[in-house]
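Working notes, beginning with the structure itself.
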There are 6 protein chains.
Amino acid sequence: MRVTVYREAHFNAAHRLYRKDWSDAKNQNIFGKCSYPHYHGHNYDLEVGVTGTPDPETGFVINLDILKTIIKEEVEDYFDHKNLNIDIPEFENTVPSAENIAILIWNRIRKVLHPDLDLKIRLYETRRNFVEYDGN
Amino acid sequence: MRVTVYREAHFNAAHRLYRKDWSDAKNQNIFGKCSYPHYHGHNYDLEVGVTGTPDPETGFVINLDILKTIIKEEVEDYFDHKNLNIDIPEFENTVPSAENIAILIWNRIRKVLHPDLDLKIRLYETRRNFVEYDGN
Amino acid sequence: MRVTVYREAHFNAAHRLYRKDWSDAKNQNIFGKCSYPHYHGHNYDLEVGVTGTPDPETGFVINLDILKTIIKEEVEDYFDHKNLNIDIPEFENTVPSAENIAILIWNRIRKVLHPDLDLKIRLYETRRNFVEYDGN
Amino acid sequence: MRVTVYREAHFNAAHRLYRKDWSDAKNQNIFGKCSYPHYHGHNYDLEVGVTGTPDPETGFVINLDILKTIIKEEVEDYFDHKNLNIDIPEFENTVPSAENIAILIWNRIRKVLHPDLDLKIRLYETRRNFVEYDGN
Amino acid sequence: MRVTVYREAHFNAAHRLYRKDWSDAKNQNIFGKCSYPHYHGHNYDLEVGVTGTPDPETGFVINLDILKTIIKEEVEDYFDHKNLNIDIPEFENTVPSAENIAILIWNRIRKVLHPDLDLKIRLYETRRNFVEYDGN
Amino acid sequence: MRVTVYREAHFNAAHRLYRKDWSDAKNQNIFGKCSYPHYHGHNYDLEVGVTGTPDPETGFVINLDILKTIIKEEVEDYFDHKNLNIDIPEFENTVPSAENIAILIWNRIRKVLHPDLDLKIRLYETRRNFVEYDGN
């Protein structure tokens with residue numbers, strides 16, 4: 001009897017899609033206006049889903065206070081009001097696409113989550129563009 | 001060729017997270033302000049998902065009028081404007097966490113749904129906290 | 001040149017619409033299921049709008065940190081996870097309708113807000129029922 | 001390492017649920033007000049989910065410009081501001097239920113999508129009624 | 001001390017923007033795809049705002065049950081699942097633009113609303129296009 | 001008989017709240033994490049409201065195609081995927097607060113809008129913070 005508990009979180013960040021090893025023309029051709037040199041930004045909305053068996057005493061898959069602390073420490077403190085290209089070392093040579101941000105968030109939460117719990121995340125870059133990742 | 005049809009529903013209820021067999025201090029420690037003695041409440045938003053093969057004549061997995069009636073009888077009439085701790089017998093000795101409410105709703109709908117149809121639900125306790133359950 | 005700045009907040013509370021000086025039948029007749037004896041509850045969503053002239057140096061009508069503190073102290077700490085009928089003295093003999101809750105919130109914020117600033121609020125009891133009050 | 005990328009799209013269309021080979025009474029009985037003779041309509045909201053492995057260079061499962069073009073050509077140009085019963089040949093003898101519209105959309109996108117990518121869609125007929133289909 | 005109470009409602013309808021006294025070319029030129037001959041449709045979302053002084057006994061500007069009945073009789077029964085051009089006599093020679101639908105809805109509610117109460121409405125044709133009217 | 005027509009638009013931008021003529025400590029003290037040196041960003045959602053008398057022939061206060069063109073040229077082309085501090089000359093010495101962005105947007109639309117039409121805008125910096133400006 002496994003239930004998934006979701007908690008929504010938010011962070012605001014600047015980013016730019018481009019590769020140093022590509023010409024400006026190629027960056028513009030592949031990434032369009034997302035490669036503009038002075039960055040743009042998003043309100044990232046994150047849904048963190050944790051799957052497990054509810055504890056018979058508390059009725060909780062995971063205490064939300066614990067999940068909120070994990071999200072604060074691993075996601076909000078790390079990404080909020082940051083420039084993803086400059087401030088996040090994992091994106092020094094990797095494009096901070098929504099896909100890659102989602103994989104990085106998943107890895108950061110996964111390493112501190114109890115191994116009996118499964119994890120999946122959904123990351124909204126805008127209301128109309130979003131990605132999902134569950135580690136598979 | 002299986003399609004999932006979702007219908008959204010709502011109910012408002014009061015509840016309190018606490019266990020009679022725990023001290024007030026332990027209830028406060030584990031459940032925080034959710035254990036306040038005089039109850040608080042939520043607008044619960046429910047998504048009921050029913051999976052099956054569309055009928056070739058009607059194009060319906062399930063006629064929405066039938067699904068609405070099931071949701072009204074099994075969920076809204078049972079939970080709406082109720083106090084979950086006092087008015088719902090299943091929560092006399094069980095914490096009405098979102099997880100446990102979702103499991104109870106799933107069981108109530110499952111027992112009246114045609115066995116060829118699969119069922120999953122998502123229950124929003126707030127816009128930022130929600131749970132999913134599909135019987136597995 | 002006056003701009004209105006809005007900040008959204010949330011609180012969860014239980015309540016019941018009824019009057020002690022009315023019979024149960026009259027309460028049921030006027031307030032319907034909202035008068036059920038064991039309370040029900042809502043996720044209240046609040047929009048606080050503050051109107052004023054932006055400061056030429058900061059570009060702010062009001063620093064959001066100040067507004068957030070006011071909302072926390074005057075609204076969230078006072079109403080969140082409370083039973084409006086039992087825990088809020090203003091509702092000992094007054095029905096905690098959305099209208100009356102909105103007026104009380106407006107009065108609480110108004111008394112600590114700088115007199116040069118205007119105030120209006122919108123309070124959602126559910127997604128489909130909400131009220132507005134601006135002190136007039 | 002497979003990630004799902006979603007893009008939201010919209011179209012407005014008129015439709016009517018009825019079968020020519022049924023009597024008016026039977027249409028009314030099964031489809032209710034959805035069978036009214038002069039059509040009604042919806043703002044259809046569509047989520048298109050494409051699953052694949054992010055390209056190591058771009059970080060993209062699929063370039064969103066490509067996905068937007070596919071959605072424009074296969075969905076928006078085909079359905080937007082149309083009468084589903086009259087203008088869409090696939091619904092000449094098939095009821096344009098949300099289920100059947102979703103299957104048709106899925107088939108139209110599937111045939112132009114790279115075979116390494118998986119596809120699922122969610123179609124909202126209203127905010128409270130929606131369907132999902134992933135080809136299985 | 002005047003408070004505005006809002007209630008949200010919905011209806012689905014088909015319509016077409018065109019004038020019989022214009023050529024097809026002029027209709028197409030002015031109304032674009034909204035003039036397509038076989039109609040398209042929308043989920044219309046309506047917010048009805050009623051302003052007045054809360055009753056000291058009930059705390060209500062207007063009992064929501066009364067407001068819901070007015071909206072059902074004057075709006076939903078009249079517009080839901082209808083073709084605005086064919087089924088609504090007021091649009092026989094008037095374009096059913098969002099503006100004109102809003103004015104018609106306002107007039108229908110105004111005539112049955114207590115004269116001490118003020119009325120304003122907001123009508124969403126889509127999530128991104130909406131209109132407001134308050135009788136002035 | 002004046003109706004207000006709203007159109008929603010979006011743009012993504014990076015910005016930073018700080019003043020060159022203040023010390024880093026003062027910027028940090030007043031603007032908090034919004035002053036981080038490498039910028040952060042937002043999905044700005046904009047509602048543009050235009051008030052006027054519907055044209056008796058078309059039923060339009062303003063043809064939405066005209067309004068969309070104005071918004072594209074004056075707002076989206078000017079702000080989308082830009083760095084507000086670096087790319088927008090009006091913010092060279094002015095803090096790009098939500099208030100100041102709203103005033104700039106209002107001025108840009110006002111100068112190209114027909115003088116018989118009134119204008120007001122609402123700008124969402126996040127779902128929970130937004131501002132309104134109508135030129136007064």
Side-chain angles (χ1 to χ4, degrees), chain B residues 7-18 20 24 27-47 72-73 75-92 95-98 101 122-131, chain C residues 7-18 20 24 27-47 72-73 75-92 95-98 101 122-131:
Chain B
R7 173 72 188 170
E8 204 194 34
H10 306 277
F11 59 93
N12 307 317
H15 81 155
R16 176 193 181 194
L17 302 185
Y18 84 120
K20 298 173 195 168
D24 283 358
N27 272 299
Q28 171 69 27
N29 186 40
I30 300 296
F31 294 123
K33 61 186 177 184
C34 294
S35 70
Y36 280 5
H38 298 138
Y39 309 101
H40 61 282
H42 297 291
N43 306 325
Y44 289 94
D45 289 332
L46 177 69
E47 292 174 4
K72 182 181 181 306
E73 292 177 355
V75 181
E76 293 171 352
D77 291 351
Y78 198 67
F79 293 104
D80 192 29
H81 283 74
K82 298 291 175 61
N83 183 307
L84 301 179
N85 302 74
I86 299 174
D87 298 323
I88 306 297
E90 285 88 347
F91 295 129
E92 193 180 341
V95 176
S97 66
I101 304 168
R122 175 180 277 199
L123 179 70
Y124 288 83
E125 195 169 77
T126 74
R127 250 194 327 193
R128 301 185 67 182
N129 301 335
F130 49 101
V131 300
Chain C
R7 173 72 188 171
E8 204 194 34
H10 306 277
F11 59 92
N12 307 317
H15 81 154
R16 175 193 181 194
L17 302 186
Y18 84 120
K20 298 173 196 167
D24 284 358
N27 272 300
Q28 171 70 26
N29 185 41
I30 300 296
F31 294 123
K33 61 187 177 183
C34 293
S35 70
Y36 281 4
H38 297 137
Y39 310 100
H40 60 282
H42 297 291
N43 305 326
Y44 290 94
D45 289 332
L46 176 71
E47 292 175 5
K72 182 182 182 304
E73 291 176 357
V75 182
E76 293 170 353
D77 290 352
Y78 198 66
F79 293 104
D80 192 29
H81 283 74
K82 297 291 175 59
N83 182 307
L84 301 180
N85 302 73
I86 299 175
D87 298 323
I88 308 297
E90 286 87 349
F91 294 130
E92 193 180 341
V95 175
S97 67
I101 304 169
R122 176 180 276 198
L123 179 70
Y124 288 83
E125 196 169 76
T126 72
R127 254 195 323 192
R128 303 186 64 183
N129 301 336
F130 50 101
V131 300

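So you know, we letter chains A, B, ... as the sequences are listed, proteins then strands, and number each from 1. Just so it is clear, the model here is predicted, and its values are computed rather than measured.
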Please flag which part of B/N85 lies under 4.5 Å from any non-hydrogen atom of chain C: side chain, backbone, both or neither.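 Neither part.
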
Between B/H10 and chain C, with a heavy-atom cut-off of 4.5 Å, which part of the residue counts as in contact: side chain, backbone, both or neither?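 For B/H10, the contact with chain C is made by the side chain alone.
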
Gap between atom [atom2] of [Y] and atom [atom1] of [X] - 0.5 Å precision:
X	Y	atom1	atom2	answer
B/L84	C/H38	CG	NE2	12.5 Å
B/N83	C/R16	CG	CZ	11.5 Å
C/H40	B/D87	NE2	CG	12.0 Å

Heavy-atom contacts under 4.5 Å, residues 30-37 of chain B to chain C: B/K33, B/C34, B/Y36

Identify the heavy atoms of B/T126 and C/N43 that sit nearest to each other, and give their distance. CA-ND2, 3.7 Å

When C/K82, C/R127, C/H81, C/H15 are compared by non-hydrogen pairs under 4.5 Å with chain B, the top option: C/H81

